[in-house]
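Below is one structure, written out as structure tokens, with a few remarks after it.
All chains are named by letter (A, B, ...) in the order of the sequence lines, taking the proteins before the strands, and each is independently numbered beginning at 1.
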Amino acid sequence: MINLALSETQLAAFKEQLADGVIDHDGLTADYDADTETYHIETPAHQTSVGADELAAVDTEQAAYITNWYFYTHEVGSEVTRAFCRWLEQAAEHPVADRYDALEAGISREWGQLAITTTISADGTRHYEVRHVDDRDADATALTTHTDPFDAREIGTLDPKGRYRPLRTAPSLKSGWIFPDLSAAEVYETVEAFYPATVVNWDREARGELDVDHWRDEQDRQSGIYNLITVLPDDAVDWAAAACCDDSQCLKRREWQLSENEPLAAEGGDGVFPCRGPCSMAVAAGREWAKLERENTQSYEFELTPSEKEQLEAVIDAVADDEIDEIREADVSKGANRWRVRYLREKRVDEDGNLSGTPTHPDGNDESAD
Amino acid sequence: MQSLVIVAHGSHLNPGSAKPTHDHAATIRETGAFDEVRTGFWKEEPSLREVLRTARGDDIYVVPLFISEGYFTERVIPRELRLEGWDPELWDSEGISADTATLIASDIDKEVHYCGPVGTHEAMTDVLIRRAVSVTGDEDVGEGFGFAVVGHGTERNKKSAKAIEYHTERIRETGRFDEVKSLYMDEEPEVDDVTDHFDSKDIIVVPLFIADGYHTQEDIPEDMGLTDDYRKGYDVPTEVDGHRIWYGGAVGTEELTADVILERAADAGADIGNARERIRQRTKPATGTAGE
């Protein structure tokens with residue numbers, strides 16, 4: 001185990017706490033017997049009674065538990081940060097002694113697309129490193145170093161192609177950066193800047209207090225232009241959730257349903273942190289779907305070869321799965337290849353943009369959403 | 001522990017929309033006046049619905065970075081923040097005098113101080129004048145200049161014009177500029193005809209908007225004839241019909257706006273120490289501004 005040394009500050013805090021009462025924290029129990037001027041310290045492997053002068057010389061296992069107590073009670077500010085830091089070092093699964101061994105090498109966990117590694121210094125202080133999961137094996141010197149947690153907001157604003165990321169939890173975070181050494185408060189702020197409110201909601205969920213706003217709650221609350229989502233059919237909510245809240249689109253785990261008693265068929269995803277209600281993107285999209293769903297279906301007759309029908313389906317897949325950029329320039333065997341699509345347009349779309357020359361409104365009645 | 005929560009509109013399409021909010025939050029963080037400064041958005045994250053749970057303070061001051069009282073400040077924000085017992089009457093305002101209301105936010109079961117919007121605070125007048133200084137690069141700008149304060153218009157919110165007129169009048173009262181007028185995007189007098197409304201050769205044009213976006217970067221420059229295509233850009237000043245137009249863009253991007261946010265919180269009881277002076281120092285104050 002790491003060669004721990006209790007500092008004067010830690011010892012003073014330990015004594016001060018025991019002058020007022022007992023300590024019962026994460027496998028450590030301790031009290032002070034004023035009559036005998038003795039400190040009783042109990043950890044899983046040791047039970048000792050020592051005088052004030054001998055406190056600094058307690059064995060390594062007990063020093064680990066004392067520094068662990070000190071870190072979590074004196075260096076980590078809020079309850080949410082404490083819960084998060086404990087999760088980062090898998091505190092619920094491993095007792096302090098084992099954890100300290102593992103922290104020496106570093107304990108890594110994933111939060112969305114963040115890889116967060118906790119390490120420890122000789123006084124028990126934790127250090128946190130944050131990088132993109134895709135950079136897990138990268139040499140730190142090859143990554144751009146950041147120290148200010150608020151830089152994370154800037155990093156998360158545009159995706160690797162330079163496009164705006166209105167949904168911060170979309171799995172489109174760019175890589176190539178590192179926050180090499182953050183404090184507990186700073187790692188919290190960094191994660192908050194990358195993935196706003198995810199830690200507090202995760203914490204509420206862990207405490208069994210997550211307040212979920214279901215779709216119907218959301219519908220009832222809207223005003224102004226978003227009132228329109230009240231007319232979105234229930235089936236469409238399911239399609240929307242399957243289309244937009246899937247793990248391929250958002251890393252939050254959707255916990256909201258149609259209502260508390262009406263679950264959606266769509267998968268909620270496997271994310272670490274929960275989604276407690278339809279986001280503003282889902283509501284804005286829902287408004288658009290509501291407009292589209294007001295249209296009636298119409299029968300059309302198209303002349304297409306079987307390959308052309310399949311090509312249209314391939315184009316839909318390529319756009320929906322964001323695979324356009326992966327189709328090589330000359331790979332005309334792929335339905336969504338640009339040349340192949342341009343060929344189809346030349347052959348099947350007339351000068352008015354109508355597929356197969358079939359008008360969208362054959363009877364001249366414009367029923368479009370707008 | 002004292003928390004400042006700045007709430008703003010944000011955008012699904014334009015990353016610049018939230019930029020002033022984040023910039024002003026950073027400026028205020030640097031003063032150390034608050035233990036934490038949080039931001040929340042209608043269209044971005046954290047949402048208005050979840051921002052209060054990210055704040056840890058015992059005293060929480062919520063300041064809307066909005067231009068006017070109306071739909072968002074009176075209805076959307078209080079609803080999304082879950083302010084129990086909210087009623088616009090609590091602000092006792094006819095459109096420009098909303099100050100603060102203290103209510104329990106049921107999301108966190110704590111009291112929060114809900115402040116009036118940034119745009120209607122008297123200190124916003126100073127920011128408009130500061131923008132005149134920054135766009136002309138002249139500390140003493142005023143004589144020989146006209147000043148147009150530009151608003152959206154009243155189509156959706158009658159109170160938005162009140163904010164425009166309020167600051168126009170306050171700038172006029174300083175006597176610093178030869179002419180000061182309100183112009184609008186969708187009603188008379190229109191910003192399109194800016195040169196018809198001023199005798200001064202030099203006209204400073206500043207939209208009372210929080211963030212730059214479609215209206216301030218595309219619409220208004222094209223409508224005033226600064227350019228026929230906003231993508232080509234334009235000079236400051238640009239000569240139009242014998243006048244020189246000094247177009248300043250959205251006033252909310254001016255650094256001094258951070259000061260107005262602080263003022264709102266201070267009016268609601270926040271202890272901001274000397275943060276206001278520090279921000280004014282940092283952003284180089286203009287001389288002879290309104291309200292001083």
Counting N and O atoms only, with roles assigned by atom type, does the side chain of A/K252 sit under 3.5 Å from a partner on the main chain of A/G269, one being a donor and the other an acceptor?
no

A/T157 versus chain B, the contacting section by heavy-atom distance below 4.5 Å
side chain

Most heavy-atom pairs under 4.5 Å with chain B, out of A/V199, A/V200, A/V80, belong to A/V200

At a heavy-atom separation under 4.5 Å, does A/E154 approach chain B through its side chain, its backbone, both, or neither?
neither

Please flag which part of B/R53 lies under 4.5 Å from any non-hydrogen atom of chain A: side chain, backbone, both or neither.
both

Is chain B contacted by the side chain of A/E79, its backbone, both, or neither, given a heavy-atom distance below 4.5 Å?
neither

Side chain to side chain contact (heavy atoms under 4.5 Å, CB included), that's the test. Do A/E267 and A/R254 meet it? Break it down for me.
CA-CA 8 Å; A/E267 295 285 326; A/R254 182 178 52 75; 5.8 Å; no

Do any of residues 11-48 of chain B have a heavy atom less than 4.5 Å from a heavy atom of chain A, and if so, which, in residue order?
B/S11, B/H12, B/L13, B/N14, B/P15, B/H22, B/R29, B/R38, B/W42, B/K43, B/E44, B/E45, B/P46

For chain B, find which of A/A197, A/S223, A/G277 contributes the most heavy-atom pairs closer than 4.5 angstrom.
A/S223

Reported CG-to-CD distance for the pair A/D211 and A/E205, which is rounded to 0.5 angstrom:
11.0 Å

ring-ring contact (aromatic ring centres under 6.0 Å, His included) partner of A/W202, chosen from A/W111, A/Y195, A/Y188
A/W111

I'd like to verify something: which residue of A/D213, A/L158, A/T169 has the highest number of heavy-atom pairs under 4.5 Å with chain B?
A/D213

Establish, for the pair A/R109 and A/W87, whether the NZ or CZ atom is under 6.0 angstrom from the six-membered ring centre and no further than 45 degrees off its axis.
yes

A/D159 and A/K161 ion-paired at < 4.0 Å
no

Short N-O contact, B/R231 and B/E218, less than 4.0 angstrom
no

Taken to the nearest 0.5 Å, the spacing of A/E218 CD from A/C279 SG works out to 9.0 Å

I'd like to know which of A/R204, A/R163, A/Q222, A/R165 tops the heavy-atom pair count under 4.5 Å against chain B.
A/R204

Start with the C-alpha distance between A/R276 and A/E255, add both sets of side-chain angles, then the distance that settles side chain to side chain contact (heavy atoms under 4.5 Å, CB included), and finish with yes or no.
CA-CA 6 Å; A/R276 52 163 296 281; A/E255 290 297 325; over 6 Å; no

Step by step, would you call B/K162 with B/E69 a side chain to side chain contact (heavy atoms under 4.5 Å, CB included)?
CA-CA 9 Å; B/K162 284 193 177 178; B/E69 295 173 27; over 6 Å; no

